[in-house]
Amino acid sequence: MKLTDALKINQSAQSREGHDPLHTALCCGFTSLQLEQFLAAHLHNRITDRIAEIQPPTYGDAIGALDQINKDCEAIFLIVEWQDLDPRLGIRQADWRASLVGDILQTACLRLELLVDKLSSAASHAPVYVSLPQLPTPSLLPSAKIRQDPFRTDLECLVLDTCQKLLVIQGVSILAKESLSSSTSAYDLKNDIRFGSPYSIEFLSTLTGQLVDLAFPSTPPLKGLITDLDDSLWRGIIGDSGVDKINWNLDNHSLMHAVYQQKLQALAEQGVLLAIASKNDSAIAQSGLSRTDLRVDAKLFFPQEIHWGEKSESISKILKIWNIAADSVLFIDDSAAELAEVQSVHPQILTRQFPTKDDLGVLELVRELGDLFTKDEISKEDRLRSTSIRQQALASEELGSHQADPAEFLRQLNSKVCIEVSTRDDPRAFELINKTNQFNLNGNRLVPKEWLNLQNDESTVMLTVEYEDKFGKLGKIAVLIGTRNGSTLDVTSWILSCRAFSRRIEHLCLQILFDQLQFETVQLHYKKTDRNEPIARLIASFSQQPLSGKITLEKKTFFDYCPPLYHSLQYIHDA
Amino acid sequence: MMPEHNERLITCFRTVFPDLTDGEIAQASMASLAKWDSLATVMLISVIEEEYQLQVADDDLQDFVSFELIDEILRDDNEQT
């Protein structure tokens, strides 16, 4: 982005009206005029319906500025450079006498300790996105350019040590230095001398763009990956050459297929769903998947759509079993024609052509998979997901055989539900609210600041639900959040994972509100979205009111219409 | 018709001072325009350097105080190159 573009974007954003401003703060120790413009422009590009208001930094004190953040701030951007650790490390106040080495290191150490302290405090109010020194480490010792000197080593160790401490502070995210390493012109001496800003204009744009990516990712991580087999998972056409001739090794110059397989294994261990869509004879393909030298456990692929039908049909079946939308899925195939056929039916699906015989291309693809599927945290629910989908498929089959008497099916499930009422921070609950679409009261998403505010508000009531039955554990699958208003609960968020549908868990949530928490009335802040038909059906089963705005549900009405529940309940109330 | 050189400079000024008309831009100076403070100068220099793909010489910075003077600096620079 050019500075001129940034200025134009920000000027045009001023016409956005009728929405809350996006309050953010910028903390850095140098003149930040261009930095502010780029940051605002990237924010405006990412969040298209709000005006970014940036609390400007206190000149000369990036770390001290953390004390002065406004309370309504929703995100803090902190940029630390070497001169913030000791001004003598910058060009304007440079003092490179070797005799100062010890003193400078001591100052830097104290400043970094202060940084950890201030950041811990600031992050309890709003999430902080940090860029640690990006410029080359300054050297004070007269060593040859190519030799690592002890001063630089000590300085870099101090920063790395601080980075480790910051990484465990909740609410702090640190920009990976590697993400900016391709930017060759980070430093601008002229800018530094004239305006006191050490970064080049190009680097300012890149840096602020990545900080905004860190704070407000453009797309949530994908959930599932569907792969082809021949010339993708392995080199060769198994139906033509036979099981012994397909390969993924050095001898056949096909090692990158092994790298791809290993990446799939790693993704599955993070909770990414894997499936196969292959035009093949099923028995022959299975012989390939049974080879013991495969670098990915073939059992992780579920479902496996291996037949001669259209791949778009296979994708439809897989999406139905996974019960996720096409825009959460990546399809990989070596054939451009197959990719096009799939996209003609599923335009939302992301596709990549497997670059067979292009080793560098495969390496780039594997790296991209890391970006597309990476999550901040991998929860136990992520690890359970693949297993629970198989169990769900089994349960669906069984439910199909109990169509005449679903109550009998529910009775035989031996379901155990743990409901916890607590406002402590729960990353899984936050994640569920921000990704669940179908059983979602209003589609409202929460930013980290709103999430923090809810936890700190004494009138907040938050229920989380964990579920397991004879088919296995589903983990945490439901969250309900409301505000206590006397004997009424105003429910502003309510979601239930689609994996847990048809278990009457939603009814149990309402029962807890009326029985255990003793509310007389529940007001559901409902809003129709493109996908939340399942919750609309539930509300319609209790209420004759038009489905819009606040829908009131009285205790008596609920119990008049509530079907029998068969869960074994563990109830935890964290007062 | 305005010379092309002038139009480019007006575009730069319009980016930094979007409320000014072209006529006001041609007359603009630090003395006459309250919005044109030292921070606006920094922004103006960066925008001009980006637009003209040049680095303003340190000796010229003191003359970045009016549209007319900046125009002159850029013309001189153009003639020299």
Side-chain angles (χ1 to χ4, degrees), chain A residues 1-16 26 28-42 44 51-52 54-60 91-92 183 185-209, chain B residues 2 4-22 24-26 28 30 33-67 69-71 73-74 76-78 80-81:
Chain A
M1 184 188 290
K2 289 166 73 177
L3 181 60
T4 313
D5 299 331
L7 287 163
K8 285 179 184 163
I9 289 166
N10 295 336
Q11 282 154 17
S12 133
Q14 296 310 310
S15 62
R16 298 173 187 175
L26 175 61
C28 70
F30 50 84
T31 309
S32 64
L33 206 57
Q34 297 107 325
L35 184 60
E36 274 176 71
Q37 292 294 339
F38 278 119
L39 181 60
H42 284 295
H44 286 137
I51 300 176
I54 300 173
Q55 184 187 340
T58 314
Y59 179 73
I91 202 78
R92 284 187 154 198
S183 214
S185 53
Y187 185 61
D188 186 325
L189 176 65
K190 212 169 176 85
N191 244 357
D192 199 357
I193 292 172
R194 289 193 309 193
F195 309 134
S197 171
Y199 296 142
S200 66
I201 294 288
E202 298 80 18
F203 186 76
L204 281 176
S205 175
T206 310
L207 175 65
T208 48
Chain B
M2 203 174 285
E4 187 201 342
H5 191 79
N6 240 339
E7 278 197 31
R8 280 176 82 188
L9 185 56
I10 284 184
T11 306
C12 294
F13 268 75
R14 211 183 284 134
T15 307
V16 179
F17 305 112
D19 300 334
L20 298 189
T21 63
D22 289 1
E24 287 168 332
I25 286 172
M30 274 189 98
L33 190 60
K35 287 181 203 167
W36 189 344
D37 56 11
S38 57
L39 292 177
T41 306
V42 171
M43 196 60 76
L44 201 50
I45 292 167
S46 299
V47 168
I48 288 170
E49 287 185 337
E50 193 175 76
E51 169 65 25
Y52 288 80
Q53 293 290 300
L54 53 76
Q55 284 239 307
V56 176
D58 290 343
D59 291 344
D60 290 333
L61 289 179
Q62 60 195 9
D63 293 330
F64 261 64
V65 291
S66 73
F67 178 89
L69 279 172
I70 296 172
D71 191 29
I73 292 167
L74 294 173
D76 290 349
D77 195 65
N78 196 33
Q80 282 164 24
T81 55

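These values consider heavy atoms only, across backbone and side chains, with no hydrogens, waters or symmetry-generated copies.
Taking CG of B/D63 as the start and CG of B/L69 as the end, the distance is 5.5 Å to the nearest 0.5 Å.
B/E51 does not touch chain A: none of its heavy atoms, backbone or side chain, sits under 4.5 Å away. Residue contact with chain B, scored on non-hydrogen atoms closer than 4.5 Å, involves the side chain of A/K190 exclusively. Both the backbone and the side chain of A/Q34 come within less than 4.5 Å of a heavy atom in chain B. Looking at A/L33, both its backbone and its side chain come within 4.5 Å of chain B, counting heavy atoms on both sides.
Of the listed residues (B/W36, B/F13, B/F17), just one forms a ring-ring contact (aromatic ring centres under 6.0 Å, His included) with B/F67, and that residue is B/F13.
Listed here is the closest heavy atom pair of A/G196 and A/F30: O-CB, 2.9 Å. Across every non-hydrogen atom of A/S205 and A/F38, the tightest pair is CB-CE2, 3.6 Å.
A salt bridge links A/R194 to B/E49: at least one charged side-chain nitrogen sits closer than 4.0 Å to a carboxylate oxygen.
Of the residues considered (B/T11, B/V47, B/V42, B/V16), B/V42 shows the highest number of contacts with chain A, using heavy-atom pairs under 4.5 Å.
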